[in-house]
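Reading through the structure tokens given below for one structure.
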Amino acid sequence: MLNETLSRVGTISREVFDGIRDLDVETPVSANEIREHLARYDFKTPLAEETLIDDVASMLRRWGVHVVHPRYFGLFNPSVRPVSVAADALVAAFNPQLATWSHAPGANEIERHVLHYFLEHIGFDRAAASTAFTSGGQEANMCAVLAALTYLHPDVELRGVRALPGDPVFYISAEGHHSFQKIAHAAGLGRHAVRVVEADGHLRMDMDACGRAIETDRRVGRVPFMVVATAGTTGAGAIDPLPALADLCVREQLWLHVDAAWGGSALLSPRLRPLLAGIDRADSVTWDAHKWLSVPVGAGMFFCRWPDAIGRTFHVSGASYVPPNLSANLDPYTTTIQWSRRFIGLKVFMALAEAGADRLARTIDHHAEMADRLRASLETAGWIVVNDSPLAIVCFTHPAIRDGSCSARQIVDAVNGTGRAWLSDVTLTGRGSVLRACVTSYRTNEDDVRVLMQELERARERETA
Ligand SMILES: *Cc1c(COP(=O)(O)O)cnc(C)c1O
């Protein structure tokens, strides 16, 4: 029975891999339709495994945006590799508990090994850095805020932000990620702690404005403690000036956190890696494997140059029910936010080991090339590209949108409604609402870009008719 169950799941997974092109990227559905179907699950009568698996697969097939589709030009959700699906299945089967080192020496060391590989690409010293897998970029960013605050203001450990002489604040560009709003709230800083600095004409943090904001805040008694540099903004792939921000942070004695949740993977490509020069001067870095490395959610990564800061922030004492730590290795429940800890890193380890570093780099480059192709096709067809990111993200508009004949949103809805391709819209500093297409699928090829172009042109003609 077990055998049949698992092989059924294997068959369905293979069908997803082989047949994804034949599915619409998205099929409209109402909550009611789903709820009506779910009403039959009253959990009174047990179901046969096979019936259950087939029904669940059918729900997943029909009711969701297929982010692993080659024409999903959406929100940094990658097509996954079969080996990383296998990894997640193995993790579920063994269910290792990574809270302590001694409970899962193998799993903990596999994570350490693969994290150190990425650490080298960032340029942090292996011997003197702290690393951890997280659920995603938001959790990694939260680690950064907590570690920065505790490191610069040790009294925060016991007394919280009350220990500070004024309100703690940190800086992020207007194009930075909005997870920091929730993080500031959850960390007890309050959302006003997020000082939003305007972006320049290239959508990067305006350095002068950042300097001025720090000065103003200090003058009125606030306590600046961190600058967040975004390396690859979510909206448009802009990369904040890392070396200049590193200089600023040294001068002002602030913690520099680089949020490279998506863009970090550019470090693996010899061609794109120079774009992130200066990232080695950060105090901490967020880098998601689940954005651009072809592994399923959730697989974020957090890197910190100061293990001391991590120790002070996440240490725990007196948990006598946890097995004592008899090894020289730190227990993850004392170095991370999570307590019970899933083996997040296996899918990353296996994806990297199976593809090899060169093929992985080629995949990253391939995504960027497909975006270049889209950029060129758009411009040939009279669309206007409004971002200048060398990464795999294209933001664009059309004269018909600019003159008000239709909106970016209308075109996005029309394209997505065909089921043939999927993209999004975004509002960018100084550019208003524009269309946004990014490439995170190794499956995406020139034909897929052509289909997207066709659908865009059709949608524009229809919407302006
Ligand atoms: C996606 C993203 C995040 C949030 O990461 P999750 O993995 O979704 O939690 C943070 N910062 C940037 C720049 C991102 O693109």
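Atoms within a ligand are numbered from 1 in the order they appear, just like the ligands themselves. The first residue of the sequence shown is numbered 1, and numbering continues consecutively from there.
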Could you tell me whether Glu354 and Arg81 have a side-chain N and a carboxylate O separated by less than 4.0 Å? no

for atom 4 (C) of ligand 1, nearest protein heavy atom and its distance come out as His177 CE1, 3.5 Å

Where ligand 1 meets Gly137 - atom numbers and elements under 4.0 angstrom, heavy-atom basis: 5 (O), 6 (P), 7 (O), 9 (O)

Sole residue of Trp287, Phe302, Phe124 in ring-ring contact (aromatic ring centres under 6.0 Å, His included) with Phe118: Trp287

Would you please say whether a donor-acceptor pair under 3.5 Å links the side chains of Asp388 and His202? yes

The atoms of ligand 1 lying under 4.0 Å from a heavy atom of Thr234, numbered in the order shown, are 12 (C), 13 (C), 14 (C), 15 (O)

Fit a plane to each ring of Phe76 and Trp262, take the angle between them on a 0 to 90° scale, and name the class: parallel (under 30°), tilted (30 to 60°) or perpendicular (over 60°). parallel

Quick look: Lys291 vs ligand 1, heavy-atom contacts under 4.0 Å, and the answer is side chain

Would you call the rings of His398 and Trp383 parallel, tilted or perpendicular, where under 30° means parallel and over 60° means perpendicular? perpendicular

Can you confirm, on distance only, whether ligand 1 has an N/O atom lying under 3.5 Å from any N/O atom belonging to Thr233? no

Ring pair (Phe, Tyr, Trp, His ring centres under 6.0 Å) assessment of Phe180 paired with Phe170: CA-CA 10 Å; Phe180 285 97; Phe170 64 96; 5.7 Å; yes

Identified side chain to side chain donor-acceptor pair (under 3.5 Å) partner of Gln138 from the options Lys182, His177, His178: Lys182

For ligand 1, which atoms have a heavy atom of Asp288 less than 4.0 angstrom away? 5 (O), 6 (P), 7 (O)

Tell me, please, whether Tyr151 has Arg312 positioned over its six-membered ring: NZ or CZ under 6.0 Å from the ring centre and within 45 degrees of its axis? no

Any nitrogen or oxygen of His290 lying under 3.5 Å from a nitrogen or oxygen in ligand 1? Just yes or no. yes

Under a 4.0 angstrom heavy-atom cut-off, which atoms of ligand 1 come close to Gly136? 7 (O), 9 (O)

I need the atoms of ligand 1 closer than 4.0 Å to a non-hydrogen atom of Asp259, numbered in the order shown. 10 (C), 11 (N), 12 (C), 13 (C)

Residue portion contacting ligand 1 (non-hydrogen atoms closer than 4.0 Å) for Thr286: neither

Of the side chain and backbone of Gln138, name the one, both, or neither that has a heavy atom under 4.0 Å from an atom of ligand 1. both

